[in-house]
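As the structure lists them, so they are numbered: ligands from 1, and atoms in each ligand from 1. Everything quoted here is computed from the prediction, not taken from an experiment.
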Amino acid sequence: MLKILGRNNSSNVQKVLWCCDELGLKYEREDVGGSFGRNRDPEYLALNPNGLVPTIIDDDFVLWESNSIIRYLAAKHGNGTLYPTDLQTRAMGERWMDWQLSVLGPAIMPIFVGLIRTPPEKRDQAAIAAARDKSATALKMLDGFLGRSDYVAGASFTVGDIPVGITTYRWYTFEIEREDLPNLKRWYERLSTRPGFKKHVMIGMS
Ligand SMILES: N[C@@H](CCC(=O)N[C@@H](CS)C(=O)NCC(=O)O)C(=O)O
């Protein structure tokens, strides 16, 4: 059976859990990382030299990097559904996956660290405000795209919606000011009806 190594409050682990839910895949999960530790143990580093979560073991195949993991699982079990066969449709969705890792994720991280992981008296309010502005600018771009498309790869939900969906959950859950981004909101509300999103992502932040 597929094994997932990683704590379930990690957004990168949540990508894999939500993806498995969409695919109806059974898996075993072990807590690794954060307060559970183990991610710097030699046994774990032999699987994932980054010492980060998630890592999956699929029979004897080991894979790390959350977006690569969900692409792999979607291609293996959801070809033509979660993983579009049309190359341009697939590329549109994959673009937003890469954008989440390279643009939106880094923009929003200081808000997460500041508001969720730092006690109020130690918060760097200027860094949080700057990150909020940067995230809002990035999300305005996604909002513009979603004005012309129901999902990030077109008319249907695909693997491409998962990474940006999780980061957007955080955006809507932080206690911050938010601009009105109506297309983003509509898409987010559509995602919020999906059982895997409710079960693995809409569980608060810690
Ligand atoms: N680019 C990697 C990043 C993985 C990552 O940063 N994971 C964090 C949790 S979200 C981690 O392992 N932190 C250390 C820990 O949990 O102890 C991926 O997408 O898988």
Side-chain angles (χ1 to χ4, degrees), residues 2-23 25 27-58 61-78 82-83 90 93-119 127-128 131 134-135 138-139 142 152 158-174 191 196-197 199-206:
L2 175 68
K3 190 181 267 191
I4 301 171
L5 305 177
R7 55 190 171 86
N8 68 356
N9 60 344
S10 144
S11 61
N12 289 311
V13 174
Q14 288 172 356
K15 292 177 189 172
V16 183
L17 301 177
W18 180 15
C19 183
C20 285
D21 206 279
E22 293 289 346
L23 294 166
L25 279 183
Y27 57 84
E28 286 169 3
R29 188 183 62 78
E30 283 181 26
D31 279 321
V32 178
S35 58
F36 300 99
R38 288 182 53 194
N39 50 316
R40 304 303 315 174
D41 291 356
E43 298 77 30
Y44 188 81
L45 290 171
L47 299 171
N48 182 343
N50 299 286
L52 297 172
V53 295
T55 301
I56 63 160
I57 307 172
D58 188 26
F61 177 58
V62 176
L63 189 62
W64 43 263
E65 273 303 320
S66 58
N67 286 4
S68 299
I69 293 172
I70 62 175
R71 279 190 184 97
Y72 164 76
L73 293 175
K76 183 170 175 184
H77 302 283
L82 206 59
Y83 197 63
R90 187 193 302 170
E94 292 197 317
R95 165 183 59 189
W96 291 108
M97 295 174 75
D98 293 341
W99 182 83
Q100 184 273 335
L101 271 187
S102 59
V103 177
L104 183 60
I108 214 164
M109 185 50 82
I111 314 181
F112 177 78
V113 173
L115 296 183
I116 308 298
R117 293 275 168 83
T118 310
I128 295 170
K134 209 169 174 184
S135 304
L139 286 168
L142 181 55
V152 300
T158 64
V159 68
D161 291 285
I162 291 178
V164 270
I166 292 175
T167 313
T168 303
Y169 165 74
R170 292 189 163 190
W171 172 254
Y172 279 118
T173 308
F174 292 136
L191 297 187
F197 188 70
K199 181 173 175 193
H200 298 294
V201 184
M202 301 183 83
I203 57 170
M205 290 177 281
S206 56

**Message:** For a side-chain contact (heavy atoms from CB on, under 4.5 Å) check, start with the C-alpha distance between C20 and I4, then their side-chain angles and the critical distance, and finish with the verdict.
**Reply:** CA-CA 10 Å; C20 285; I4 301 171; 4.0 Å; yes

**Request:** Could you check L142 against W96 for side-chain contact (heavy atoms from CB on, under 4.5 Å), going step by step and ending with a plain yes or no?
**Result:** CA-CA 9 Å; L142 181 55; W96 291 108; 3.8 Å; yes

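Atom 12 (O) of ligand 1 has its closest protein heavy atom at V53 N, 2.8 Å. Among all protein heavy atoms, the one lying closest to atom 11 (C) of ligand 1 is L52 CD2, 3.5 Å. Remark: minimum distance from atom 10 (S) of ligand 1 to any protein heavy atom is reached at S10 OG, 3.2 Å. Nearest to atom 3 (C) of ligand 1 among the protein's heavy atoms is N12 ND2, 3.6 Å.
Ligand 1 has a nitrogen or oxygen under 3.5 angstrom from a nitrogen or oxygen of G34. For ligand 1, the polar-atom distance check against E65 finds a nitrogen or oxygen pair separated by under 3.5 Å. The N/O atoms of R7, backbone and side chain alike, include one that comes under 3.5 Å of an N/O atom in ligand 1. On a distance-only criterion, S66 and ligand 1 share at least one N/O pair closer than 3.5 Å. Between N39 and ligand 1, a contact under 3.5 Å exists for at least one N or O pair.
Under a cut-off of 6.0 angstrom, the local environment of NZ in K76 is crowded, with over 12 non-hydrogen atoms contributed by other residues, nucleotides or ligands.
In this structure the side chain of T167 never reaches within 4.5 angstrom of the side chain of W171, judged on heavy atoms. Annotation: side chain of F197 is not in contact with side chain of D21 (no heavy-atom distance under 4.5 Å). Within the 4.5 Å cutoff, side-chain heavy atoms of Q14 are placed close to those of I203. In this structure, E30 and F36 have side chains that are not in contact, with every pair of non-hydrogen atoms separated by 4.5 Å or more.
For the 3.5 Å distance criterion, the side chains of Y169 and S11 fail to qualify, holding no donor opposite an acceptor.
If you number the atoms of ligand 1 from 1 as listed, the ones under 4.0 Å from a heavy atom of P54 come out as 20 (O). Ligand-side atoms of ligand 1 in range of G33: 15 (C), 16 (O), 17 (O), range being under 4.0 angstrom from any heavy atom.
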